[in-house]
Peer 1: 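Take this structure first; my questions come after.
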Amino acid sequence: MDLTQTLSALHEAQTSLALSSTDLCFLVALRARADQAGFTAFDEDALGDVFHQVLLLVEPEAESPRARATAAIRRLREQRLLTRIDGAGVVRAGEYALTRMADSLAEFFLQEETLTRESLALLTHTLTAQLEEVRAAAKRAKTSEEWRQKVAQPLRITAGDLLGGIERRQRGLDRSQEQVRARIAALLRDDWFAAIAACEELLEDTAATLRELNDILLRDAASLLTLLQDIGERAREAGAVEGENASQQLGDQVDRVAAWGASRQRAWSDYYRYVQRFLRDVVRLDPGRALSLRLREQLRTWGDAPERRYHYVCAEATPLPLPRVPDLRSERPAVTRQRAGHLPDLEPVLAEGLQLDQKAKALLATRPASLTELLRAMVAQVPVDERFRTVGRVTALCGEVPIAREHERAWTPIGGGLVVQDWVFTWKKGKRR
Amino acid sequence: MSEATGWSGGRGQGGSSYERLEDVILDPLFPEVDLALRAGRHIDVDEGSRFEMLSEALALLEPFYHRYGWEIVRSPAGYFFLLPLGDRLPRRTMTVGEMFVGQALALLYLDPVTLETAGSATRSQVVELLQHLVGAERLYLELHPRRKRLDERIAAESVRKEIDKALRSLQHLGFCDLVDEERLRLRTPVLRFAEPVQSMEAPAEALARLVAKGRAALGESAEGDGGREAGAADDEAREVDA
């Protein structure tokens, strides 16, 4: 089973469950009726009867029970909790059975199977016997079909179900422990000092049960794992992948079951200690439960008068001074104006630039007809690698020269592989710049 | 001074593994226990080896800390803490927030409902309990001494923040463990907040006794400074109207 695919499919189909309390009661009542009467299926009349009885019990004043029964059956069918098994369509009244999902839901509410020493011993004993049979079959198996039928399938179905039964009962015991905790709290709340003996008894009983279960699990898990390991090795030698995988999966399940015992015993041990300490330090020392009342009053009035405003004193370690090197990188220089007389020396390139400017201005004084004409004269005077920069510099000098307004200016070569978009200069007649 | 009844203490006397003070100091656990105590931490049985070490070495550590002007206190409820008596080393008084929250934690610790979860409580329970017993307005004004009236728009959020701050501080002092953003685990030292009402004597007398022993100080806590004191500065505050 690919979990990712399963989850994606569930989400994509927007699968959900929506059961009202009455629907749930209907489901549980169906399961109870099936158990009592040995029914494997219900016809529509039987479904209607059960729903009617449920309705009388939980909603005695409800109207139109038949219509509501029909709607409830439809809801359960839509949510795959009830399935039609006769296949006759609308030709005649159908027969319905509870699905596996409905069975599990009803079972949860009907019978809380918990793990007891007897049930665990019986289950592990049966499982051991089952695995021994499978091991014998593994010794005899010759063909892949024999491996599949005599080893892999019994491991997956029979042994797997037995282990599943143990796990289900473990979860039941978990819930039972929660109830014990709630019961201890309720006993103390109601009877306080008088409840000590009952609380201790509950604690001891659960601790003893868990200890016994853990002992059985530790003992039997080892023998179960040995059997599974033997089966797995034989399957590997025979190249029976299915059998090897099944024994591996079952081994993991046994590990999980055994780990449950240790984990619950540890958790209960912590709880046991906490409650014993509470009984000893709080309940026994304060049989009248006056401390809570006095503390409640103290908290209510704390600080409302100077004599009731007090503070507890406690030690405080002096933080040690920690010398460190200041991080100079974080100190950015302040923005300041440069002082006159501290300007850097002019570089030679600037002097060359000034010479270039003078030449360009001299040429401009001759009133060239266009930018192209000016640039051609200038680039001819400078080395090839300087031409591009010269074009930019000279063009900048033409900022004040009158230029003709043109819709589209032509791209014109100026030599040396350079092309510029031309400007036509419109000098005024008789006036020299 | 040990308050535990029937505790024999001392190395070699009560089955302790420490013969001399040097043995205690050379114990690899000593530096962390010492630092924790000096930081104001209350160490209870849940701290395992730290608690065991203090239990076994108490008789040797008492005179050691006494020379610094500190008293190592073992509470009958089963926890240790260091109490500064002189002015040689820094000490602090708990803030108003810590006092309120500490008492609320003690009340929750005594409630059988908390027993169901083996000492687990939630921050919401603390807030609700305080608002119920102290009153929302008074709680807000106590936690915000500079404000003169309740600002309902921000009251709930700012009270919650102050309570969170107090809880963090109480965690460092060993009164509780913050499990996640909502849940917290109560520890036995919260019973220190019930000390004035633990015996059958009048609470005022019990409080006067605590103040006289230097375990509590009357008056305002120096909130802005986290309640830190120079040491002798609160001597005046310790005097009680008998």
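The analysis underlying the following values was restricted to heavy atoms, covering all of them including side chains, and did not include hydrogens, waters or symmetry mates. Bear in mind the structure is a predicted one, so any value in this text is a computation, not a measurement. Note on naming: letters A, B, ... go to the chains in the order of the sequence lines (proteins, then strands), and numbering restarts at 1 for each one.
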Peer 1: Which bit of B:A106 comes within less than 4.5 Å of chain A, counting heavy atoms only: side chain, backbone, both or neither?
Peer 2: both
Peer 1: Can you tell me which of B:M200, B:Q198, B:R192 forms the most heavy-atom pairs within a distance under 4.5 Å of chain A?
Peer 2: B:R192
Peer 1: Considering non-hydrogen atoms only, spot the tightest contact between B:F100 and A:L299 and give its length.
Peer 2: CD2-CD1, 3.7 Å
Peer 1: Is it the side chain or the backbone of A:D270 that comes within 4.5 Å of chain B heavy atoms, both, or neither?
Peer 2: neither
Peer 1: For residues 278-285 of chain A, which side-chain donor-acceptor pairs fall under 3.5 Å, sequence neighbours excluded?
Peer 2:
from: A:R284; atom 1: NH2; to: A:E200; atom 2: OE2; distance (Å): 3.1

Peer 1: Which heavy atom in B:P112 sits nearest to a heavy atom in A:A185, and how many Å separate them?
Peer 2: O-CB, 3.4 Å
Peer 1: Checking B:Q103 side chain against A:R296 main chain: does a donor-acceptor pair fall under 3.5 Å?
Peer 2: no
Peer 1: Look at the side chain of A:R294 and the backbone N and O of B:S199, then say whether any donor-acceptor pair between them is shorter than 3.5 Å.
Peer 2: yes
Peer 1: Suppose a student defines contact as a heavy atom less than 4.5 Å from any heavy atom of chain A. Which residues in residues 30-39 of chain B would they list?
Peer 2: B:L37, B:R38, B:A39
Peer 1: Would you please test B:V113 and A:R189 for side-chain contact (heavy atoms from CB on, under 4.5 Å) and show each step?
Peer 2: CA-CA 8 Å; B:V113 173; A:R189 191 177 57 239; 4.2 Å; yes
Peer 1: Could you tell me whether the side chain of A:H311 and the main chain of B:G219 form a donor-acceptor pair under 3.5 Å?
Peer 2: yes
Peer 1: Please walk me through it: do B:V45 and A:R277 pass side-chain contact (heavy atoms from CB on, under 4.5 Å)?
Peer 2: CA-CA 10 Å; B:V45 71; A:R277 200 192 315 163; 3.7 Å; yes
Peer 1: Only pairs of heavy atoms separated by less than 4.5 Å count here; which of B:P196, B:G102, B:A77, B:A104 has the most with chain A?
Peer 2: B:P196
Peer 1: Non-hydrogen atoms of chain B under 4.5 Å away: do they reach the side chain of A:R183, the backbone, both or neither?
Peer 2: neither
Peer 1: Can you tell me which portion of B:L83 sits under 4.5 Å from chain A's heavy atoms? Options are side chain, backbone, both or neither.
Peer 2: side chain
Peer 1: Would you indicate whether the side-chain heavy atoms of A:S292 and B:D111 approach each other to under 4.5 Å?
Peer 2: no
Peer 1: So that I can tick it off, tell me whether B:E142 and A:R309 are bridged by a salt bridge, with the cut-off set at under 4.0 angstrom between side-chain N and carboxylate O.
Peer 2: yes
Peer 1: Using a cut-off of under 4.5 Å for heavy-atom pairs, which of A:L291, A:V275, A:I184, A:L187 has the most such pairs with chain B?
Peer 2: A:L291
Peer 1: Say whether, by atom type as modelled, one donor and one acceptor occur between the side chain of A:Y274 and the main chain of B:T117 under 3.5 angstrom.
Peer 2: no
Peer 1: What's the separation between atom CG in A:L188 and atom CD in B:E116, rounded to the nearest 0.5 Å?
Peer 2: 11.5 Å
Peer 1: Taking C-beta and beyond as the side chain, do B:R92 and A:C314 meet within less than 4.5 Å on heavy atoms?
Peer 2: yes
Peer 1: Supply the atom-to-atom distance A:Y310 OH to B:E195 CD, rounded to the nearest 0.5 angstrom.
Peer 2: 9.5 Å
Peer 1: Give the minimum heavy-atom separation between B:L110 and A:W192, together with the two atoms involved.
Peer 2: O-CH2, 4.0 Å
Peer 1: Write down the atom of A:A315, the atom of B:P84, and the distance for their closest heavy-atom approach.
Peer 2: CA-CG, 3.6 Å
Peer 1: Show the nearest heavy-atom pair for residues A:V313 and B:T93, with the distance to one decimal.
Peer 2: CG2-CG2, 4.0 Å
Peer 1: A quick test of your reading: do over 12 heavy atoms of other residues, nucleotides or ligands sit less than 6.0 Å from CD of A:E201?
Peer 2: no
Peer 1: Between A:R273 and B:D46, is there a salt bridge with N-O shorter than 4.0 Å?
Peer 2: no
Peer 1: Looking at every heavy atom in both B:R138 and A:D304, which two are closest together, and how far apart are they?
Peer 2: NH2-N, 3.7 Å
